[in-house]
J.: 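Before I ask anything, let me first share the structure, which is written out below as structure tokens.
Side-chain atoms are counted along with the backbone in the values below, which use heavy atoms only and exclude waters and symmetry mates.
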Amino acid sequence: MANVLAPQKRMTIGEGGLALTFAALALLCIVIAAKAYTPEYAFHAYLFTAASVASVFAIVNRYYDRPAETPLTIDGKPNYNMGPVKFATIIAMFWGIAGFLVGLIIALQLAFPALNFDLPWISFGRLRPLHTSAVIFAFGGNVLLATSFYVVQRTCRARLAGDLAPWFVVLGYNFFILIAGTGYLLGITQSKEYAEPEWYADLWLTVVWVTYLLVFLATLWRRQEPHIYVANWFYLAFIVTIAVLHLGNNAAVPVSIFSPKSYIVWSGVQDAMVQWWYGHNAVGFFLTAGFLAIMYYFIPKRAERPVYSYRLSIIHFWALIFLYIWAGPHHLHYTALPDWAQTLGMTFSIMLWMPSWGGMINGIMTLSGAWDKLRTDPVLRLMVVSVAFYGMSTFEGPMMSVKVVNSLSHYTDWTIGHVHSGALGWVAYISFGAIYCLVPWLWNRQLYSLKLVNWHFWISTIGIVLYITSMWVSGILQGLMWRAYTSLGFLEYSFVETVEAMHPFYVIRALGGFLFLCGALVMVWNLWKTVNAAEAEQPAGVALAPAE
């Protein structure tokens with residue numbers, strides 16, 4: 001009788017449709033591999049085939065293993081879906097170590113060019129986009145996936161929307177990373193900054209990203225908490241804007257379905273304008289808005305204090321979102337771009353200083369009444385220092401967009417120092433802090449060692465200071481040497497002399513990168529020991545906090 005009343009398990013439309021779609025994709029990719037114009041493209045087609053076949057088997061196996069129904073609540077409490085969050089958290093650290101290591105290698109190649117070994121696959125030109133994509137999109141992207149899926153569930157008190165969709169997002173996104181990274185090493189690139197993957201990888205990412213948006217929106221729609229917490233606004237802005245930027249900047253016409261090559265629909269100065277509309281807002285929305293969402297959730301949670309000013313957080317959101325989208329032309333000072341467009345970009349960049357510092361003040365002042373925690377909690381210290389780096393970078397950026405300063409700084413290592421003060425100090429540190437919080441929460445463990453977190457903090461901080469100060473000095477020196485003239489009006493230094501002058505600073509930068517990598521390895525060891533420790537006892541009668 002019990003068997004008769006038990007709900008009958010059926011394959012859902014999503015499971016059946018996705019399995020059939022992957023089966024069809026596998027067949028298409030076999031045909032493409034057979035007729036591909038280049039062996040590199042054929043390799044990628046085989047990767048798509050293997051992934052598609054594996055997906056079909058995974059979907060079918062999961063159907064047989066899963067219960068008939070997955071309840072949205074258990075005993076009146078949300079039945080959160082933390083599987084995709086755990087996967088994205090682990091893979092983020094894997095890609096982070098890989099990206100930091102490649103960054104160290106190319107830093108050493110700049111200091112010691114013989115380390116290229118005359119091999120095309122590990123030349124600086126191929127490893128450099130591999131490094132930027134690994135740290136921004138692989139490490140940073142997976143941190144954003146993990147934290148956004150965690151935060152939206154907790155603040156909405158609702159299970160993540162979809163059954164297979166969240167897994168498709170995290171696995172599909174990481175497959176894009178695999179295609180992009182191997183493509184760089186094989187020489188497949190469309191040569192657009194932060195947008196190097198070719199048309200077929202871009203198409204795949206579009207499907208994954210739209211699914212990500214739908215999962216996030218549907219989870220917000222089914223929320224049990226009437227209020228939408230500010231972190232979710234920042235996540236939503238990041239997801240929507242990156243989708244628009246990706247579609248606009250990667251609008252291309254493929255040579256053939258059997259060729260990896262495509263031609264961008266924009267040309268000349270229009271292509272440059274669209275590229276830096278995309279490039280600067282990849283920084284603005286991927287590396288700023290998304291990670292500000294992390295700040296607005298994890299710092300209050302770790303400090304056990306409310307956000308300093310919720311009203312300021314809303315002003316911060318709308319001002320930042322409106323102003324950032326106009327700032328891209330400051331990358332094109334003294335180029336063929338019309339002067340009015342250059343000035344527009346500079347003006348909005350300077351205006352950005354105000355909402356950026358409003359957010360920084362809001363994050364730091366959240367510690368009001370809890371400053372003593374900075375002495376005892378290195379995880380919180382990581383996150384607060386990250387906000388300080390955010391404030392520094394968002395002062396330096398507008399300053400560097402001013403034409404007079406830009407004439408000295410642009411195309412020099414000063415820009416590299418600026419980028420890494422934001423990337424290492426702001427993005428990486430707030431990510432590290434979030435992961436240090438997430439891993440004990442997700443696996444129900446106590447963090448293995450706060451002392452190791454302290455070591456991580458100090459080793460990596462010394463590394464960042466060495467890195468950015470060497471690049472600031474190197475960049476200003478470059479700018480001054482490039483525009484130094486003799487009394488007769490000739491250039492005082494040859495280009496080779498300026499390169500030679502950079503050598504000691506490149507060695508210091510590589511040392512800084514090495515220390516940062518060492519700190520990250522300490523973190524991996526700490527997290528590994530945490531996950532493999534005994535499960536922590538759950539206190540009885542734990543009540544959900546507001547918006548939790």
Side-chain angles (χ1 to χ4, degrees), residues 85-105 107 131 134-147 150 174 177 287 290-291 294-295 297-299 301-302 373-374 376-390 420-468 511-533 536:
V85 180
K86 287 183 176 182
F87 176 83
T89 303
I90 293 170
I91 204 73
M93 285 310 303
F94 169 79
W95 289 124
I97 296 299
F100 303 151
L101 177 61
V102 175
L104 175 60
I105 291 170
H131 163 63
V135 292
I136 296 172
F137 299 116
F139 171 66
N142 276 289
V143 169
L144 289 169
L145 286 177
T147 57
Y150 181 87
N174 281 280
I177 297 297
L287 297 178
F291 290 92
I294 297 175
M295 178 195 83
Y297 183 84
F298 286 89
I299 287 183
K301 284 290 290 183
R302 191 75 186 187
K373 291 180 182 286
L374 291 179
T376 57
D377 188 356
V379 176
L380 187 60
R381 193 187 309 142
L382 265 172
M383 292 194 279
V384 172
V385 169
S386 80
V387 178
F389 269 108
Y390 171 66
H420 283 79
S421 70
L424 302 179
W426 158 237
V427 173
Y429 266 21
I430 197 72
S431 299
F432 292 155
I435 292 172
Y436 275 128
C437 291
L438 273 180
V439 168
W441 295 346
L442 292 171
W443 276 271
N444 193 26
R445 306 283 195 271
Q446 293 290 336
L447 190 62
Y448 174 68
S449 172
L450 281 178
K451 186 177 288 186
L452 285 178
V453 180
N454 212 32
W455 274 99
H456 175 200
F457 173 79
W458 287 111
I459 291 170
S460 56
T461 299
I462 293 169
I464 294 172
V465 170
L466 286 175
Y467 193 114
I468 61 180
L511 175 60
F514 172 72
L515 290 174
F516 193 84
L517 173 63
C518 289
L521 290 171
V522 170
M523 179 182 182
V524 169
W525 171 253
N526 200 0
L527 296 178
W528 172 263
K529 296 293 286 185
T530 300
V531 171
N532 287 282

J.: Could you go through the side-chain contact (heavy atoms from CB on, under 4.5 Å) check for Phe389 and Val385 one step at a time?
T.: CA-CA 6 Å; Phe389 269 108; Val385 169; 3.7 Å; yes
J.: List the steps and the verdict of side-chain contact (heavy atoms from CB on, under 4.5 Å) for Trp95 and Asn174.
T.: CA-CA 10 Å; Trp95 289 124; Asn174 281 280; 2.8 Å; yes
J.: Is there a side-chain contact between Trp441 and Tyr150, using heavy atoms and a 4.5 Å cut-off?
T.: yes
J.: Could I get the full list of side-chain hydrogen bond (donor to acceptor under 3.5 Å, both in side chains) partners for Thr147, not counting sequence neighbours?
T.: Tyr235
J.: Step by step, would you call Leu447 with Val439 a side-chain contact (heavy atoms from CB on, under 4.5 Å)?
T.: CA-CA 8 Å; Leu447 190 62; Val439 168; 5.8 Å; no
J.: Would you please name every residue forming a side chain to side chain contact (heavy atoms under 4.5 Å, CB included) with Cys518, sequence neighbours left out?
T.: Ile459, Phe514
J.: Considering the options Leu466, Ile462, Leu424, which one meets the side chain to side chain contact (heavy atoms under 4.5 Å, CB included) requirement together with Phe516?
T.: Leu424
J.: Could you tell me whether a side-chain N or O of Tyr297 sits under 3.5 Å from a main-chain N or O of Ala434, the two making a donor and an acceptor?
T.: no
J.: Using every non-hydrogen atom in the two residues, find where Leu380 and Ile299 come nearest and quote the distance to one decimal.
T.: CD1-O, 4.3 Å
J.: Taking atom CH2 as the centre, does Trp458 end up with more than 12 heavy-atom neighbours from other residues, nucleotides or ligands that are less than 6.0 angstrom away?
T.: no
J.: In the structure I gave you, are the side-chain heavy atoms of Phe298 and Ile430 within less than 4.5 Å of one another anywhere?
T.: no
J.: Could you check if a side-chain atom of Arg302 sits within less than 4.5 angstrom of a side-chain atom of Cys437, using non-hydrogen atoms only?
T.: yes
J.: What is the distance from atom CG of Leu101 to atom CD1 of Ile97, rounded to the nearest 0.5 Å?
T.: 8.5 Å
J.: Is the backbone N or O of Pro378 less than 3.5 Å from a side-chain atom of Asn454, with the two atoms forming a donor-acceptor pair by type?
T.: no
J.: Starting at CZ of Phe87, measure out to CG of Leu145 and round the result to the nearest 0.5 Å.
T.: 10.0 Å
J.: Quick check: do Thr530 and Gln446 have side-chain heavy atoms less than 4.5 Å from each other?
T.: no
J.: Can you give me the closest heavy-atom contact between Leu382 and Gly433, atom names plus distance?
T.: CD1-N, 4.4 Å
J.: Taking Tyr429 for the side chain and Arg381 for the main chain, is one N or O donor matched with an acceptor at less than 3.5 Å?
T.: no
J.: Would you say the side chains of Trp455 and Asn526 form a donor-acceptor pair under 3.5 Å?
T.: no
J.: Looking at Val524 and Met93, what are the two nearest heavy atoms and their distance?
T.: CG2-CE, 3.7 Å
J.: Please answer whether the main-chain N or O of Trp528 pairs with a side-chain N or O of Asn532 as donor and acceptor at a distance below 3.5 Å.
T.: yes
J.: Measure the shortest side-chain to side-chain distance between Tyr436 and His456 over non-hydrogen atoms and say whether it is less than 4.5 angstrom.
T.: yes
J.: Does His131 reach the main-chain N or O of Gly99 with its side chain, forming a donor-acceptor pair under 3.5 Å?
T.: yes
J.: For Met383 and Ile294, run side-chain contact (heavy atoms from CB on, under 4.5 Å): C-alpha distance rounded to whole Å, both residues' side-chain angles, the deciding distance at 0.1 Å, then the answer.
T.: CA-CA 10 Å; Met383 292 194 279; Ile294 297 175; 5.7 Å; no
J.: Mind checking the OG-CE spacing from Ser431 to Met523? Nearest 0.5 Å is all I need.
T.: 8.5 Å
J.: Are Phe139 and Phe100 an aromatic pair by the rule of ring centers under 6.0 Å?
T.: yes
J.: If only atom types and distance count, is the side chain of Arg445 paired as donor or acceptor with the main-chain N or O of Pro440 below 3.5 Å?
T.: no
J.: Whether the side chain of Trp426 engages the backbone of Leu287 through a donor-acceptor N/O pair (distance < 3.5 Å, no angle test) should be reported.
T.: yes
J.: Locate the shortest heavy-atom distance separating Asn142 from Ala92; write the atom from each residue and the value.
T.: CB-CB, 3.6 Å
